[in-house]
Amino acid sequence: MKRAIVPGTFDPITAGHVDVIKRASLIFDDVVVAVAASVKKNPLFDQETRVRLCKEATAEFANVRVISFDGLLVDLARDYDAHAVVKGLRAITDFEYEFQMTALNYELNRNLETFFIMSPPKYMYLSSSIVREMASMGGSLTGFVPACVEKELRAHFSEAYALAEKHGSTNIK
Ligand code: COA
């Protein structure tokens with residue numbers, strides 16, 4: 001049984017994350033999407049909501065489950081008997097930070113390998129903060145996030161969307 005953990009804050013999960021999770025699910029037998037508390041990042045959505053959205057967005061993948069965690073990734077990997085971590089790599093800017101985290105995790109647990117799945121060009125520019133910013137201004141999210149996330153963001157930023165519609169924004173699809 002080859003088990004991998006796909007960790008992240010997922011605030012919220014984007015189409016880029018779903019792409020990484022889907023591709024991981026084709027390689028590994030069991031994929032655990034681990035939604036971190038990431039308190040320091042002061043997330044827009046609470047952990048429960050982020051977990052729910054991840055579950056809805058990945059429901060079609062039979063070997064994927066979603067859990068929440070708060071603590072060290074290496075401890076989570078040990079608890080779940082996972083020897084692989086899968087992360088998405090979008091651009092060169094991601095590399096330095098990912099390199100640091102991977103090296104640290106490797107020092108903490110030599111049995112834990114980190115694998116990177118490169119984002120396709122269409123998701124290279126995508127990030128949760130860009131999605132949050134677009135939503136806060138009532139922008140169209142179609143294609144950037146799963147439908148459940150779009151619904152949640154439109155509800156959260158309902159005033160911005162109402163304003164954008166009133167002004168006939170070209171962003172509204
Ligand atoms: N598609 C779209 N966006 C992606 C992406 C992809 N494939 N891959 C990463 N991102 C984006 C996220 O959307 C997020 O964007 P934002 O900053 O604009 O919101 C950004 O990359 C960072 O993602 P995040 O999920 O916060 O991951 P991270 O790389 O900061 O790591 C944890 C988060 C939870 C994996 C990490 O903090 C961790 O392991 N925590 C546990 C504590 C621990 O063990 N610490 C020591 C580790 S060295």
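Note that these values count all heavy atoms, side chains included, but never hydrogens, waters or copies made by symmetry. In each ligand, atom 1 is the first atom listed, and ligand 1 is the first ligand listed.
- Applying the 4.0 Å criterion to heavy atoms of Thr9 picks out, from ligand 1, the atoms 24 (P), 25 (O), 26 (O).
- Within ligand 1, the atoms closer than 4.0 Å to a non-hydrogen atom of Lys41 are 22 (C), 24 (P), 26 (O), 30 (O), numbered from 1 in the order shown.
- At least one donor-acceptor pair closer than 3.5 Å links the side chain of Tyr161 to the backbone N or O of Gly139.
- Close approach to Val20 involves these atoms of ligand 1, each under 4.0 Å from a residue heavy atom: 7 (N).
- Not a single heavy atom of Gln100 lies less than 4.0 angstrom from ligand 1.
- Shown in contact with Glu98 at under 4.0 Å from a heavy atom are these atoms of ligand 1, numbered in order with element: 29 (O).
- Distance from atom 36 (C) of ligand 1 to its nearest protein heavy atom, with residue and atom name: Met101 SD, 4.1 Å.
- In terms of protein heavy-atom proximity, atom 4 (C) of ligand 1 is nearest to His17 NE2, 3.4 Å.
- The shortest N/O to N/O separation between Val74 and ligand 1 does not fall below 3.5 Å.
- Atom 21 (O) of ligand 1 has its closest protein heavy atom at Arg90 NH2, 3.1 Å.
- In this structure a side-chain-to-backbone donor-acceptor pair under 3.5 Å is present from Asp11 to Phe45.
- Of all the atoms in ligand 1, the ones that sit under 4.0 Å from a non-hydrogen atom of Ser127 are 3 (N), 13 (O), 15 (O), 18 (O).
- Ligand 1 lies out of reach of Ala15, whose nearest heavy atom is not under 4.0 Å from it.
- By the 4.0 Å heavy-atom criterion, Leu126 is counted among the residues contacting ligand 1.
- Residue contact check: Leu104 has heavy atoms under 4.0 Å from atoms 48 (S) of ligand 1.
- Scanning the protein for heavy atoms near atom 2 (C) of ligand 1, the closest one is Thr14 OG1, 3.3 Å.
- One finds a salt bridge joining Glu152 and Arg52 here, because a Lys/Arg side-chain nitrogen approaches an Asp/Glu carboxylate oxygen to under 4.0 Å.
- At least one donor-acceptor pair closer than 3.5 Å links the side chain of Arg50 to the backbone N or O of Thr9.
- Against a heavy-atom cut-off of under 4.0 Å, Gly71 is close to the following atoms of ligand 1: 41 (C), 42 (C).
- Scanning the protein heavy atoms around atom 28 (P) of ligand 1, the nearest turns out to be Lys87 NZ, 3.6 Å.
- One finds no salt bridge joining Lys122 and Asp19 here, because no Lys/Arg side-chain nitrogen approaches an Asp/Glu carboxylate oxygen to under 4.0 Å.
- Here the protein heavy atom with the shortest distance to atom 44 (O) of ligand 1 is Leu73 N, 2.8 Å.
- Distance screen at 4.0 Å: atom 42 (C) of ligand 1 has a protein heavy-atom neighbour inside the cut-off.
- If you check the side chains of Thr49 and Asp46, you find a donor sitting under 3.5 Å from an acceptor.
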